[in-house]
Amino acid sequence: MIAPRAAAALALAAVLAVLALAPAPARAGSDLAHAAPATGLEPYRESLHVSQLPDGKVFALFSFDRTIRLGFPDGRHTTHYGLMPRSIGEVFQAFDVRELHLTFTQGRWDLDRWGHSPASAPSGVELWAWLNSTNVDAKWKGLTNALAGLFCASLNFIDQAVTTEPLLSFDPEGDISRKSGFQIRYGSLPREAVCTENLTPWAKLLPCQTKSGIADLLNAYRIFDGNFQSMGVHLTPKCATPDCSDTIFEFRQTFAVVLDNERINARRDWSFQTLFQRHIHTTCPFAASTTVHLHLNKLEHESVYILPTANAFSDTPTSIDRYFTVTQTPFFLDVHWEPENLNSRNPRLAPVKTHRYLSGVGQERGAIVVDFTNDLPTPMRATYFDSIPFILKMYLHTLRVVQRAGGNESTDASGIVRETFFQPAMDRLRPNVLELSLVLPPKSKTTISIDFDCTFLKYTEHHPDANHGFELGVGVLTLESNPFPPISDPESAAATPPDQPVRIYTESLLVRLPTPDFSMPYNVITLTCTLLALFFGSVFNMLTRGLRPVPIAGKSLLDRFRRSRKA
């Protein structure tokens, strides 16, 4: 005999098994009909570029690439996710994101000593995206709040007061154009601190996280001890057909770090174990390929020994390039130099550079000055973008351009500034935006300055550390061509593609605004409470305390007093 409840459970299990084995009815336009296995739809590749910089530091760039599909040509969104995390895929779909670039950076890239960085980014957080929506501002606000929750960051503070719409800079890097109807939004947070709280959710987006593959080298205790760290998330559209009627997306996660090997180990030799205190234990089973590219610069009298033996190499008299395909694990990489002592040098690798600073005296008014230096023998076309918060009132009529070349100084800007776009700020609604299309003359230094007045803010709008001041975002100089010598092979993933613009970021500025005395409220409250306590205590005593004679041994104090006077 079978109990009634057990019989019912067996019957329900049988029905579910039959439904599971029955063929699903064909649906026109079904997502599953278009979906392919994850291995075919989302090829996943891992690559690591490692190079020793001229001053002896070691630069490592981790790259994790996936090709995904977020929708179909008929406009429907996919509901099938393989190696792509569903959380971030739904964010891209919900807010109609066509292209996105998000970076978290700690430190500043030394352009003159390290050369051009393939992962250049400003300090703090930088976010810019191309959106395909009619209500762009609402989509942008939702996107920043969603990414803030995903990456445990303060991206929700990128509101309309710090959001801009560049017209000359930040062209699409994918297979879309400005004329396609998409709109761009840009925002940055220079005060945002980057730590392991941001690395943990970023690493969870990887198929193997940090359990295997090259991500196994991401030891937070070592990488955040470096001179520069930058992790990024990039979504770029690519045409799947010649007429671009079907679009797929390249989803790339990058992590760049500069480690000071001499400070850590007091020697020039290095390895994965000395840099990261780890090695690649095993490859990620989802990765179609795992490659490591080593690039070294050497002098004529130097020798270098590299273990293990590379699969391919391309050496020159001044550089060494080795390529490793990681198939056998564990994988170690060791570099040994002869002579062993560190031969640091500064070849000044930046033929084009920029420098931004403040001028003026006091906290009432001043000026922002930007220097552009072009050491090349040919002119350089570029665009400059600067977004200044509303706390500074900029005046376009004070814009001055000074050119210095061959010891001569000229204020003629007709051949330097080709196009100007200026958007004045509105209090608490939008920032100042200055964009210039420039032609930097050869062997010259161009200086641009613009005056500003400081704003008196409400006391609630100051930071908790008001005396620290306000940090302004960086300026961005975008070059139309790459004048920097490559730090890696052009076919490597770490190299900047020739059709991609080169961005040079200036320093962030610290502005001291007129600050009220925040200790005054405390003093007023203390004094007021003291007076109130004295007044209230005196009045309360007078109203509640009664005076009456106290008898002593049957006689009152008054009789005793009179008797003592007579005596």
Side-chain angles (χ1 to χ4, degrees), residues 108 111-112 122-123 162 164 166-169 186 188 190 350-376 379-427 430-456 469-479 503-514:
R108 184 172 183 269
L111 186 69
D112 211 21
S123 299
V162 297
T164 60
L167 298 181
L168 305 177
S169 305
Y186 174 89
S188 63
V352 179
K353 50 183 174 292
T354 179
H355 174 53
R356 187 174 68 154
Y357 54 94
L358 295 173
S359 66
V361 179
Q363 298 182 356
E364 183 180 358
R365 59 178 59 89
I368 295 179
V369 185
V370 188
D371 294 335
F372 305 100
T373 304
N374 181 17
D375 294 331
L376 297 173
M380 178 62 62
R381 294 179 177 269
T383 59
Y384 179 72
F385 169 82
D386 206 343
S387 176
I388 307 298
F390 71 91
I391 60 176
L392 301 182
K393 298 299 182 182
M394 316 293 294
Y395 300 103
L396 181 61
H397 71 277
T398 63
L399 181 64
R400 295 178 297 274
V401 180
V402 178
Q403 176 189 350
R404 298 177 180 87
N408 300 323
E409 182 174 310
S410 174
T411 58
D412 183 13
S414 58
I416 299 178
V417 180
R418 297 183 300 170
E419 190 175 355
T420 303
F421 171 74
F422 179 74
Q423 172 187 277
M426 298 179 63
D427 289 349
R430 70 183 188 189
N432 302 276
V433 178
L434 175 65
E435 282 193 278
L436 302 173
S437 179
L438 305 172
V439 178
L440 303 178
K443 300 293 183 178
S444 66
K445 180 179 180 180
T446 305
T447 302
I448 295 176
S449 63
I450 184 171
D451 295 344
F452 64 82
D453 287 344
C454 296
T455 302
F456 287 90
F470 288 81
E471 292 189 13
L472 307 182
V474 300
V476 185
L477 179 66
T478 305
L479 306 179
R503 295 187 179 90
I504 302 175
Y505 294 92
T506 66
E507 305 90 344
S508 59
L509 301 179
L510 187 64
V511 179
R512 295 289 302 273
L513 296 183

Worksheet item: When you look at Val370 and Thr447, which way does the side-chain contact (heavy atoms from CB on, under 4.5 Å) test go after all the steps?
Response: CA-CA 6 Å; Val370 188; Thr447 302; over 6 Å; no
Practice prompt. Dump the intermediate steps for side-chain contact (heavy atoms from CB on, under 4.5 Å) on Tyr384 and Leu168, then the final yes or no.
Written response: CA-CA 8 Å; Tyr384 179 72; Leu168 305 177; over 6 Å; no
Discussion item. Tell me the closest heavy-atom pair linking Gln403 and Ser444, and the distance in Å.
Written reply: NE2-CB, 4.4 Å
Worksheet item: Which atoms form the tightest heavy-atom contact between Pro351 and Leu376, and what is the distance?
Response: CB-CD2, 3.5 Å
Worksheet entry | Atom pair CG/CZ of Leu358 and Arg356 - distance to nearest 0.5 Å | 8.0 Å
Practice prompt. Tell me yes or no: between the side chains of Ser123 and Arg108, is some donor less than 3.5 Å from an acceptor?
Written response: no
Response to the item:
For Leu509 and Tyr357, the nearest pair of non-hydrogen atoms, with its separation, is CD2-CA, 3.9 Å
Item to complete: Check whether any side-chain heavy atom of Glu471 lies under 4.5 Å from a side-chain heavy atom of Pro190, and answer yes or no.
Response: yes
Worksheet item: Mind checking whether Ile448 and Leu399 have side chains closer than 4.5 Å, heavy atoms only?
Response: yes
Return all side-chain donor-acceptor pairs below 3.5 angstrom for residues 388-396, not counting sequence neighbours, or 'none' if the list is empty.
unit_1	atom_1	unit_2	atom_2	d
Lys393	NZ	Asp427	OD1	2.3
Tyr395	OH	Asp453	OD2	2.8

Discussion item. Rounded to the nearest 0.5 Å, what separates atom OG1 in Thr354 from atom OH in Tyr505?
Written reply: 13.0 Å
Worksheet, complete the sentence: Output for pair (Phe372 CZ, Thr506 OG1), nearest 0.5 Å, gives 8.5 Å
Practice prompt. Take atom CZ of Phe456 as the centre, draw a 6.0 Å sphere, and report whether it contains more than 12 heavy atoms from other residues, nucleotides or ligands.
Written response: no
Worksheet item: Any idea which heavy atoms bring Asp375 and Lys443 closest together, and the distance?
Response: O-NZ, 2.9 Å
Item to complete: Check whether any side-chain heavy atom of Asn374 sits under 4.5 Å from a side-chain heavy atom of Pro441, and report yes or no.
Response: no
Worksheet item: Is there a side-chain contact between Ile504 and Val476, using heavy atoms and a 4.5 Å cut-off?
Response: no
Practice prompt. Nearest 0.5 Å please: distance from the CZ atom of Arg430 over to the OG atom of Ser387.
Written response: 11.5 Å
Worksheet item: Is there side-chain contact between Val439 and Ile416, with at least one heavy-atom pair below 4.5 Å?
Response: no
Fill in: Gap separating the CG atom of Leu167 from the CD atom of Glu419, nearest 0.5 angstrom
8.5 Å
Discussion item. Does any part of the side chain of Pro166, heavy atoms only, come nearer than 4.5 Å to the side chain of Glu435, both counted from C-beta?
Written reply: yes
Discussion item. I need the Asp386 CG to Leu472 CG distance, nearest 0.5 Å.
Written reply: 8.5 Å
Item to complete: Go through the steps for Leu436 and Thr383 under the test side-chain contact (heavy atoms from CB on, under 4.5 Å), then give the verdict.
Response: CA-CA 6 Å; Leu436 302 173; Thr383 59; over 6 Å; no
Worksheet item: With distance as the sole test, does Asn432 use its side chain to make a donor-acceptor pair with the main-chain N or O of Ala425 at under 3.5 Å?
Response: yes
Worksheet item: Between Thr164 and Val433, does a side-chain contact (heavy atoms from CB on, under 4.5 Å) hold up when you go through it step by step?
Response: CA-CA 7 Å; Thr164 60; Val433 178; 3.4 Å; yes
Worksheet entry | N-O pairing of Lys353 and Asp371 below 4.0 Å | no
